Amino acid sequence: MTTPLAAAPMFDLERVLASIDTMAAQRPVAAQIVSVANSEQASAAELSHVLSADVALAGRVMKLANSAFYGMRGRVTSLQFAVTVIGFATVRTMATVALTDLDDESRLPEDFWQLSTTVALAASTLAPRFAERPQDALCQGLLAQMGVALLHHNDPEGYAELWAGHRSFTGRRTAEVQQYGISALRLTSVALEQWGFPPDMVTPLKQVDDLGSFAGALLRAAFEVGARLTDDDHEEQNITALTCGQLRERDVQPILSQVRTDAEELRSALLG
């Protein structure tokens with residue numbers, strides 16, 4: 001059941017996009033980490049050296065490397081080793097989270113991180129069924145809703161109303177387009193392109209609503225799992241149709257409890 005939206009505010013998409021560069025200027029170390037992590041020539045030693053300049057972010061990287069998700073609890077004792085364990089893509093993702101204030105829960109919708117970590121873990125767990133690397137799928141799931149933060153930062157009251165009135169992921173994206181002219185997911189893809197993320201991170205975000213696109217199939221499956229675990233009113237979608245035949249219902253049921261259990265630990269490791 002959805003609620004009518006308030007009158008659409010004057011929304012300046014160009015200003016939102018310009019704010020992405022402003023964020024980078026305000027968090028120069030995080031921006032440098034994103035840049036170094038994008039470089040094919042960078043080493044773990046170089047990346048960990050840059051990362052060490054941001055104590056809070058370095059601490060989160062160490063905590064995540066020692067979490068149950070990577071199976072290395074208590075064994076990662078140096079920042080360089082932590083970078084090796086979680087990988088450049090995850091370090092880049094965590095720096096991007098810091099850049100966009102996604103680590104400040106007071107500036108986000110109430111259950112934002114519960115949804116994001118659930119979607120990310122579902123994507124990571126299902127990734128092998130789509131010939132994808134779990135670490136890369138985890139990053140994509142974590143960043144997928146970055147556009148939500150951008151919209152919420154620029155229109156706190158209007159976006160909070162939209163978020164509360166549209167619980168389903170697809171319904172929310174439709175409402176975002178009606179209200180702002182762009183969905184949060186599409187805004188995420190624009191932001192990641194602007195920061196130099198590779199096409200294989202961006203393309204699934206663009207194609208998630210195209211049921212004929214295999215590139216968007218894993219993310220669609222992750223959103224469906226996330227909805228089943230977080231929305232009591234969710235009407236289950238046909239997982240086979242969502243995934244271009246890659247998954248059956250019997251593939252999804254075993255992972256539901258695992259994702260529900262591990263999502264909170266991932267949230268804690270990411271946010272400190």
Side-chain angles (χ1 to χ4, degrees), residues 15-67 69-70 72 75-108 112-113 116-117 120 135-136 138-154 184 187-202 205 265-272:
R15 181 169 59 85
V16 174
L17 297 178
S19 72
I20 294 172
D21 290 332
T22 303
M23 291 173 187
Q26 292 172 341
R27 296 290 297 267
V29 175
Q32 188 179 4
I33 291 168
V34 172
S35 176
V36 171
N38 280 339
S39 171
E40 294 181 357
Q41 286 75 42
S43 65
E46 183 181 357
L47 184 55
S48 61
H49 176 72
V50 177
L51 182 58
S52 65
D54 189 323
V55 176
L57 188 54
R60 288 172 186 163
V61 168
M62 289 290 294
K63 187 174 181 179
L64 182 61
N66 279 294
S67 70
F69 183 77
Y70 289 96
M72 299 288 287
R75 287 187 285 164
V76 181
T77 57
S78 76
L79 191 53
Q80 183 172 332
F81 187 29
V83 168
T84 303
V85 168
I86 71 174
F88 278 33
T90 306
V91 174
R92 180 179 57 198
T93 294
M94 296 180 74
T96 305
V97 165
L99 270 178
T100 50
D101 283 341
L102 282 171
D103 51 352
D104 182 357
E105 293 184 274
S106 68
R107 300 190 64 200
L108 295 169
F112 175 88
W113 272 109
S116 292
T117 51
Q135 299 94 325
D136 295 341
L138 180 79
C139 295
Q140 190 163 73
L142 287 172
L143 291 178
Q145 297 205 97
M146 187 173 69
V148 167
L150 295 174
L151 293 176
H152 191 266
H153 290 172
N154 282 274
L187 187 54
T188 299
S189 72
V190 173
L192 294 185
E193 283 183 323
Q194 196 156 321
W195 276 326
F197 277 68
D200 58 357
M201 281 285 291
V202 176
L205 298 170
E265 178 169 354
L266 178 62
R267 192 198 67 79
S268 175
L270 286 168
L271 303 183

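None of the values given here were measured: they were computed from a predicted structure.
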State the [atom1]-[atom2] distance between [X] and [Y], to the nearest 0.5 angstrom.
{"X": "Phe197", "Y": "Leu205", "atom1": "CZ", "atom2": "CG", "result": "10.5 Å"}
{"X": "Gln145", "Y": "Leu102", "atom1": "CD", "atom2": "CG", "result": "9.5 Å"}
{"X": "Leu51", "Y": "Met94", "atom1": "CG", "atom2": "CE", "result": "8.5 Å"}
{"X": "Leu266", "Y": "Thr117", "atom1": "CG", "atom2": "OG1", "result": "6.0 Å"}
{"X": "Gln80", "Y": "His49", "atom1": "CD", "atom2": "NE2", "result": "12.0 Å"}
{"X": "Phe88", "Y": "Ser43", "atom1": "CZ", "atom2": "OG", "result": "6.0 Å"}

Using modelled atom types only, decide if a donor and an acceptor are shared between the side chain of [X] and the backbone of [Y] within a distance under 3.5 Å.
{"X": "Gln140", "Y": "Met201", "result": "yes"}
{"X": "Thr188", "Y": "Ala144", "result": "yes"}
{"X": "Trp113", "Y": "Leu108", "result": "no"}
{"X": "Ser67", "Y": "Leu64", "result": "yes"}
{"X": "Ser39", "Y": "Val36", "result": "no"}
{"X": "Asp200", "Y": "Asp136", "result": "no"}

After noting the C-alpha distance and the side-chain angles of Ile33 and Arg92, does the key distance pass the side chain to side chain contact (heavy atoms under 4.5 Å, CB included) rule?
-> CA-CA 7 Å; Ile33 291 168; Arg92 180 179 57 198; 5.9 Å; no
Does the side chain of Arg75 pick up a donor-acceptor pair with the side chain of Asn66 at under 3.5 Å?
-> no
Test item: [X] and [Y] side chains (from C-beta on) under 4.5 Å apart, heavy atoms:
{"X": "Trp195", "Y": "Asn38", "value": "no"}
{"X": "Tyr70", "Y": "Thr90", "value": "yes"}
{"X": "Leu142", "Y": "Val97", "value": "no"}

Minimum heavy-atom distance between [X] and [Y], given as atom pair plus value:
{"X": "Leu57", "Y": "Ala95", "answer": "CD2-CA, 3.9 Å"}
{"X": "Ala37", "Y": "Leu47", "answer": "N-CD1, 4.2 Å"}
{"X": "Leu79", "Y": "Ser48", "answer": "CD2-O, 3.5 Å"}
{"X": "Leu150", "Y": "Ala191", "answer": "CD1-CB, 4.3 Å"}
{"X": "Thr96", "Y": "Thr100", "answer": "O-OG1, 2.9 Å"}

Residues 23-37 vs salt bridge (charged side-chain N to carboxylate O under 4.0 Å, His left out), sequence neighbours excluded, gives Arg27-Asp54
Test side chain to side chain contact (heavy atoms under 4.5 Å, CB included) on Leu192 and Met146 and set out the steps.
-> CA-CA 9 Å; Leu192 294 185; Met146 187 173 69; 3.8 Å; yes
Residues Glu265, Lys63; criterion salt bridge (Lys or Arg N to Asp or Glu O under 4.0 Å); working and verdict | CA-CA 10 Å; Glu265 178 169 354; Lys63 187 174 181 179; over 6 Å; no
Residues at least two apart in sequence or cross-chain that pass side-chain hydrogen bond (donor to acceptor under 3.5 Å, both in side chains) with Arg107, listed by chain then number, are Asp101
